[in-house]
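Lettering follows sequence order; numbering is per chain, from 1.
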Amino acid sequence: MAAAGSVFVAGFALVLDRRYEADTHMWVLAQGPRRVRVGMDALGLETSGSLSQLSFDPPGTELVAGRPFGQLEAAKFVGPLVSPVTGTVLAVNDAVAIDAGLAERDPYGEGWLIEASLDGDEAELGNLLSEPDEIVSWFTAKATSYRLKGVIAQ
Amino acid sequence: MGEPLRVIDFGLSSPLRSQTLWHAVAYGVSQGAPATLSFTRPAAPYVCLGYHRLAEEVDREYCRRKGLPVLRRMVGGGPVYLDSNQLFFQICLPAGRLPAGRPQALHMLLEPVVTAFAALGVPALLDDNGEICVGEQKICGHGAGQIEDAVVLCGNLIEHFDHEEATRVLAFTQPRQRRQTLSLMRRFVGETQIDPAAFQTAMTGSYAAGLGLDVHPETGLKGFEREVVMRLDEKFTSRAWLAGVSRPHLAGSAGPRARVVKVRAGVWTFGATYRGARVVASIVNGRLEQVQVQDQELNGCTERAERALTGAALDSVGDVLATFGDPGRRLAVAFAAANSARP
């Protein structure tokens with residue numbers, strides 16, 4: 001499912017109203033003053049394989065940018081979901097914890113993962129990609145690289 | 001000279017140590033220890049849950065009576081029964097050495113196992129579902145995970161498999177599902193009777209060649225790793241760890257309930273209930289094999305419904321049951337619950 005305002009880049013849906021962490025494919029969308037929603041983009045999900053489980057640290061847990069806030073399981077492979085921000089978990093999306101496939105079907109909408117308050121330096125958000133042109137360039141380059149390496153289908 | 005592949009044979013280990021030793025290796029590799037291939041064989045039987053699985057999937061009362069420890073690992077997969085007739089291996093690498101795509105990473109870590117089996121005359125293949133098989137039988141279970149900055153894949157050489165006990169330790173709400181699961185276990189989980197020492201040698205060679213590493217046999221863990229073992233011994237026996245991650249569930253919901261048990265990729269059983277309708281079925285590659293249904297209003301049509309369902313594609317059961325009125329609709333909801341919970 002493509003979110004409202006989404007574009008297709010290199011064969012994958014992408015929305016340009018939010019920020020992206022370039023290495024982990026996590027997106028960050030402002031929900032109000034110092035409150036954000038976090039999810040994973042369509043390319044990151046594609047490289048993960050077919051999801052079977054998602055689990056998250058509970059509300060109240062401190063988040064550190066670059067450290068795990070949960071786990072993702074696909075094809076019996078469990079790996080970390082890495083936080084793009086420093087803050088505190090405010091809410092987790094129970095819907096994706098029950099049905100991990102929701103994150104694949106609607107990665108930018110109903111498939112969000114957690115909501116968090118931002119307790120760190122505001123400048124931290126400046127490390128994320130935010131300009132539409134740079135987001136599209138980064139996403140295109142990543143998809144091309146993954147295809148060349150056989151990580152995703154041609 | 002390539003980078004080293006540390007090879008450690010832990011030999012016979014207690015159930016707890018057969019888990020904590022290799023988890024400690026993963027923490028060590030994450031901290032800079034070389035890529036490591038390790039082996040161990042549990043000295044006593046036990047049950048182990050995958051990271052995300054519910055403790056309720058195991059018949060803990062049975063395990064308690066039999067003295068079977070129940071542990072939880074940090075890698076994926078379902079609840080499994082382990083004993084001394086299974087030789088376990090673990091390959092652990094820095095995460096940065098693996099492809100970005102998990103399916104590709106898994107393939108890279110599983111292919112040397114197939115090579116090792118082949119070197120010993122076992123015609124194993126890595127199938128499209130990522131299972132190591134001979135014919136239709138899975139011969140090597142596996143699970144993988146990233147622990148800090150290391151990735152570990154563990155698997156086993158199944159010299160003898162106790163299908164009965166592997167099924168008995170699982171929790172079922174309907175006895176018929178247990179019988180169907182045992183039947184599929186016998187058919188789809190196979191044994192490989194080869195010399196385990198030769199298997200270890202072949203695995204060491206195939207991983208070294210496949211990963212471009214030089215073999216460095218070692219006898220034990222580094223100091224940091226030994227400290228981690230002690231911490232993990234405590235963690236893995238704690239109630240909180242065995243309880244697992246917090247997961248929302250449908251407790252109290254009036255909706256259908258399904259219990260799904262995967263035997264191998266594409267092969268599973270389920271039991272489901274919905275408003276008095278009960279279903280137990282075996283699924284093999286998307287089609288229903290054994291099917292048993294129950295609903296008070298089927299009024300003598302139970303056998304006809306079971307015959308109509310046997311061999312049907314799981315996705316088509318709604319059409320098949322459409323001619324059975326209200327009980328058919330209730331059964332269709334139960335089937336749909338199982339389909340949505342499919343492994």
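- At a 4.5 Å heavy-atom cutoff, the contact between B:Val245 and chain A is made by side-chain atoms alone.
- Proximity to chain B (any heavy atom under 4.5 Å) is shown, for A:Ser52, by neither the backbone nor the side chain.
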Which atom pairs, one a donor and one an acceptor, fall under 3.5 Å between side chains of residues 62-76 of chain A and the rest of the protein, sequence neighbours left out?
| unit_1 | atom_1 | unit_2 | atom_2 | d |
| --- | --- | --- | --- | --- |
| A:Glu73 | OE1 | B:His52 | ND1 | 3.0 |
| A:Glu73 | OE2 | B:Gly77 | N | 2.8 |
| A:Lys76 | NZ | B:His142 | O | 3.3 |

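- For B:Val152, no part lies near chain A; criterion is any non-hydrogen pair under 4.5 Å.
- Residues in residues 123-143 of chain A take part in these ring pair (Phe, Tyr, Trp, His ring centres under 6.0 Å) pairs, two or more places apart or across chains: A:Tyr20-A:Trp138, A:His25-A:Trp138.
- Within residues 87-101 of chain B, the residues having any heavy atom closer than 4.5 Å to a heavy atom of chain A are B:Ala100, B:Gly101, listed by residue number.
- Summarising the local packing, CD of B:Gln137 is surrounded by more than 12 heavy atoms from other residues, nucleotides or ligands at distances under 6.0 Å.
- The greatest number of non-hydrogen atom pairs below 4.5 Å with chain B, out of A:Gly44, A:Ser48, A:Gly101, A:Ser50, is found for A:Ser48.
- Residues of residues 78-89 of chain A lying within less than 4.5 angstrom of chain B, judged on heavy atoms, are A:Val78, A:Gly79, A:Pro80 in numerical order.
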